[in-house]
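The next block holds one structure in the form of structure tokens; read it before the comments.
Quick note on labels: first sequence line is chain A, next is B, and so on, each numbered from 1. In this text, all values refer to a predicted model and were calculated from it rather than measured experimentally.
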Amino acid sequence: MLKIYNTLARDKQEFIPIIDKKVGMYVCGMTVYDYCHLGHARVMVVFDMIYRWFKISGYDITYVRNITDIDDKIIKRAAENGESIHALTQRFIDAMHQDADALGVLRPDHEPRATQFVPEMLDMIAKLEQHGLAYQAADGDVNYAVRKFDGYGKLSGKSLEDLRAGERVNVADSKHDPLDFVLWKSAKDSEAEEVKWASPWGKGRPGWHIECSAMGTKLLGERFDIHGGGADLQFPHHENEIAQSEGAHQHQYVNYWMHNGFINVDKEKMSKSLGNFFTIRDVLKKYDAEVVRFFILRAHYRSPLNYSDAHLDDAKGALTRLYTALKNAPPSSSVLLPGGEGSSLPSPFGGGAGGEGAAGEGIVDWNEPHAQRFQAAMDDDFNSAEAIAVLFEFANEVNRNPTLDNCAQFKALAGVLGLLQRDPVAFLQSGAPEDGLDDAVITAQITARIAAKQAKNYAEADNIRKALLAAGIVLEDSATGTTWRRA
RNA sequence: GGCGAGAUAGCAAAAUGGUUAUGCAGCGGAUUGCAAAUCCGUUCAUCCCAGUUCGAUUCUGGGUCUCGCCUCCA
């Protein structure tokens with residue numbers, strides 16, 4: 001039985017889909033005016049993990065992650081750069097895809113762009129106006145009348161009175177209530193034609209909140225199963241989405257609301273405004289993408305996750321242990337290590353397939369004890385941290401008993417999380433610095449050391465090993481010869 | 001000020017009304033020419049104060065501290 005922590009209920013609940021074995025999931029994606037940072041990486045990786053788990057669990061899931069390609073910041077940035085809105089957003093959409101691909105994040109089934117759904121947004125605003133929930137203010141903006149919607153605050157647990165008490169918003173004169181939010185922004189003369197759409201309320205562009213309501217409804221229906229996003233979107237964004245969608249359709253919008261925790265830096269939320277963010281691409285210059293994915297998945301998705309080099313180093317060391325177990329597998333099992341052809345999923349991290357059939361279902365033996373524990377962990381609100389702990393215990397088993405079955409099962413299980421699908425040696429030897437030794441030099445040094453060892457010249461052999469270690473190369477002698485990896 | 005989340009060993013991070021989390025680090029042993037890797041064993045913990053209970057880190061109440069939201073934010 002799959003349980004999900006539902007923010008709306010503030011409790012874990014059994015997941016019951018609207019239509020048996022089908023899932024509609026909408027996740028708030030990026031506003032594309034800059035590169036994605038690690039906080040964005042967490043949303044993508046976390047919901048990718050959830051997406052994969054639904055598939056493996058036999059659900060027919062439709063995953064929508066939107067792209068906000070029209071908003072104040074985009075307009076401002078485009079003007080600064082002297083480029084068109086479209087050119088700017090396309091550039092950062094491409095960059096986002098590169099980053100997501102590197103992290104082994106599968107493409108959602110739909111990635112709707114706000115600018116392609118303006119008619120749907122206008123329809124919804126019209127409905128809200130019919131229900132007396134929207135009004136056009138003196139300045140031309142169409143606003144949502146928050147006080148007219150009874151359930152306002154049910155997701156965030158805030159009451160209008162509480163919000164009033166802590167009022168910090170600049171009161172726009174044109175709003176009936178300071179908490180009303182904009183549905184349609186009236187066009188300004190200074191703005192480019194590119195950001196203006198015709199509407200019954202005059203030229204303008206959509207407010208941010210209506211985008212998600214309209215796209216979610218269009219692609220998943222007036223009512224769907226899961227809506228996710230970062231915890232900071234709970235209020236006001238998701239609260240407003242509920243007000244819009246339920247106001248327009250007069251019935252429940254979403255059954256399960258899921259929110260992932262932040263990435264912190266020195267215990268403070270990583271964010272644009274604080275300026276304490278690291279872009280995915282910058283981090284990937286220093287750390288392997290799979291290490292970053294592992295780092296994110298090793299924590300529970302709702303917990304805060306502190307970012308620092310020390311934490312990434314720790315994650316790297318842990319992932320190295322997992323790959324080392326795979327490396328020590330018998331040669332005969334290496335045939336099935338880089339995954340097979342015909343996978344329905346693109347393979348993360350190049351090389352092997354992420355899994356067979358429904359994302360690994362075909363190769364994991366779910367009756368095997370580790371798999372059972374892994375499944376129980378994942379079914380308990382996607383506890384990937386616990387699932388990874390099972391992986392470590394499995395690694396111990398593989399080290400003690402590296403049979404073909406064990407190795408294949410171990411790798412398949414890790415593949416469920418999009419981990420451990422690369423050739424282990426390739427992983428262990430990856431991450432060469434710019435000025436690092438090339439493989440030929442390393443191999444030559446190893447050969448020289450073997451010769452020294454055979455001549456019982458251990459001082460020389462140790463010197464070679466020390467020199468390589470200083471260059472970040474760790475040698476490991478075994479019965480079958482000497483191998484190396486990068487520290 | 002209002003609302004919400006959280007405080008677990010040296011670090012990171014799960015879970016649990018009584019029984020080993022897990023990874024790194026430490027300690028002892030096996031293995032190794034010596035290492036590394038691996039294996040075996042092992043030290044170290046549940047913020048404070050009450051209450052419920054045979055028994056609480058886990059439940060309840062209070063306190064302290066931290067973080068988040070209340071403004072765009074993943």
Using a cut-off of 4.0 Å on non-hydrogen atoms, how would the nucleic acid contact of [X] be classed: base, sugar-phosphate, or nothing?
X	value
A/Ile263	base
A/Ala389	base
A/Lys456	nothing
A/Gly317	nothing
A/Asn399	sugar-phosphate
A/Arg465	base
A/His37	base
A/Asn383	sugar-phosphate
A/Met270	base
A/Gln234	nothing
A/Ala231	nothing
A/Thr483	nothing
A/Arg449	base
A/Gly29	sugar-phosphate

Given atom [atom1] of [X] and atom [atom2] of [N], what is their separation to the nearest angstrom?
X	N	atom1	atom2	value
A/Phe278	B/rA74	CZ	P	18 Å
A/Glu268	B/rC65	CD	P	18 Å
A/Leu233	B/rU71	CG	P	14 Å
A/Asn406	B/rC39	CG	P	13 Å
A/Arg302	B/rA13	CZ	P	15 Å
A/Phe262	B/rA74	CZ	P	10 Å
A/Leu297	B/rA14	CG	C1'	14 Å
A/Lys158	B/rG68	NZ	C1'	9 Å

When you measure from the side-chain N and O atoms of [X] to the phosphate of [N], is any distance below 4.0 Å, counting only OP1 and OP2?
X	N	value
A/Arg321	B/rU38	yes
A/Trp208	B/rC73	yes
A/Arg486	B/rA36	no
A/Ser156	B/rC70	no
A/Lys269	B/rA74	no
A/Asn396	B/rU22	no
A/Arg10	B/rA5	no

Are A/Arg147 and A/Asp180 ion-paired here, with the side-chain N under 4.0 Å from a carboxylate O? no

Is it true that the side chains of [X] and [Y] contain a donor and an acceptor less than 3.5 Å apart?
X	Y	answer
A/Asp381	A/Tyr301	yes
A/Glu241	A/Tyr26	no
A/Asp72	A/Trp208	no
A/Thr115	A/Asp69	yes
A/Gln90	A/Asp94	yes

Stacking check A/Phe392 vs B/rG23 (5.5 Å / 30 deg): no

Span that lies between the [atom1] atom of [M] and that of [N], in whole angstrom:
N	M	atom1	answer
B/rA14	B/rC49	P	26 Å
B/rC48	B/rU8	P	11 Å
B/rG61	B/rC67	C1'	23 Å
B/rA12	B/rA21	C1'	13 Å
B/rC24	B/rA5	C1'	28 Å
B/rA45	B/rA15	C1'	13 Å
B/rG26	B/rG63	C1'	36 Å
B/rG17	B/rU58	P	11 Å

Less than 6.0 angstrom separating the ring centers of A/Phe224 and A/Tyr253, yes or no? yes

Once the angle between the rings of [X] and [Y] is folded into 0 to 90°, is it parallel (under 30°), tilted (30 to 60°) or perpendicular (over 60°)?
X	Y	answer
A/Phe295	A/His311	parallel
A/Phe181	A/His209	perpendicular
A/Tyr144	A/Phe149	perpendicular

If you find the nucleotide of RNA chain B closest to A/Glu386 and the one closest to A/Asp71, which residue's nucleotide is nearer the 5' end? A/Glu386

So which one's nearest nucleotide on RNA chain B is more toward 5', A/His40 or A/Ala461? A/Ala461

Please tell me which of the listed nucleotides, [options], lies nearest to the side chain of [X]?
X	options	value
A/Arg298	B/rG33, B/rA37, B/rA12	B/rA12
A/Arg400	B/rC34, B/rA74, B/rC40	B/rC40
A/Glu476	B/rC69, B/rA36, B/rA13	B/rA36
A/Ser273	B/rC73, B/rA13, B/rA36	B/rC73

Can you give me the dot-bracket string for RNA chain B, 5' to 3', counting Watson-Crick and G-U wobble pairs with both distances under 3.5 Å, using [ ] for crossing pairs and | for partners on another strand? (((((((..(((.....[...))).(((((.......)))))....(((((..]....))))))))))))....

Cation-pi check, A/Arg302 to A/Tyr5: give yes when NZ or CZ is under 6.0 Å from the six-membered ring centre and within 45° of the ring axis, no otherwise. yes

Between B/rG1 and A/Asp162, counting only base atoms on the nucleotide and side-chain atoms on the residue, is there a donor-acceptor pair under 3.5 Å? no

Check the surroundings of atom CG in A/Asp150: do more than 12 heavy atoms from other residues, nucleotides or ligands lie under 6.0 Å from it? no

